[in-house]
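First up is the structure itself, then whatever we jot down about it.
Everything numeric in this text was worked out from a predicted model, so none of it was measured.
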Amino acid sequence: MQGRSTKRQKEMARQQKQREKEAKKAERQRDKDTRPARQPGEEDPDIAGIIPGPQPPLEI
């Protein structure tokens, strides 16, 4: 009977992980909905300050 309880535990863990994923997804959607909309011509904050082309070498 050990196999059945192991299978049940694995299924419960899978369902719990799925619930956690759904909660994270809902939280991201709420964050996205509450974020103010950008105005036309306004710089995208995700790429603000990025310069195209070759980048200078990192100082280590």
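Paired with Glu27 under the rule side chain to side chain contact (heavy atoms under 4.5 Å, CB included), one option of Arg30, Gln29, Lys25 passes, and it is Arg30.
For Arg14 and Glu11, the salt-bridge test passes: some basic side-chain N is under 4.0 Å from an acidic carboxylate O.
Here the CG atom belonging to Asp44 is positioned 9.0 Å from the CD atom belonging to Glu42, to the nearest 0.5 angstrom. Once rounded to the nearest 0.5 Å, the distance linking CZ of Arg28 with CG of Asp33 reads 12.5 Å.
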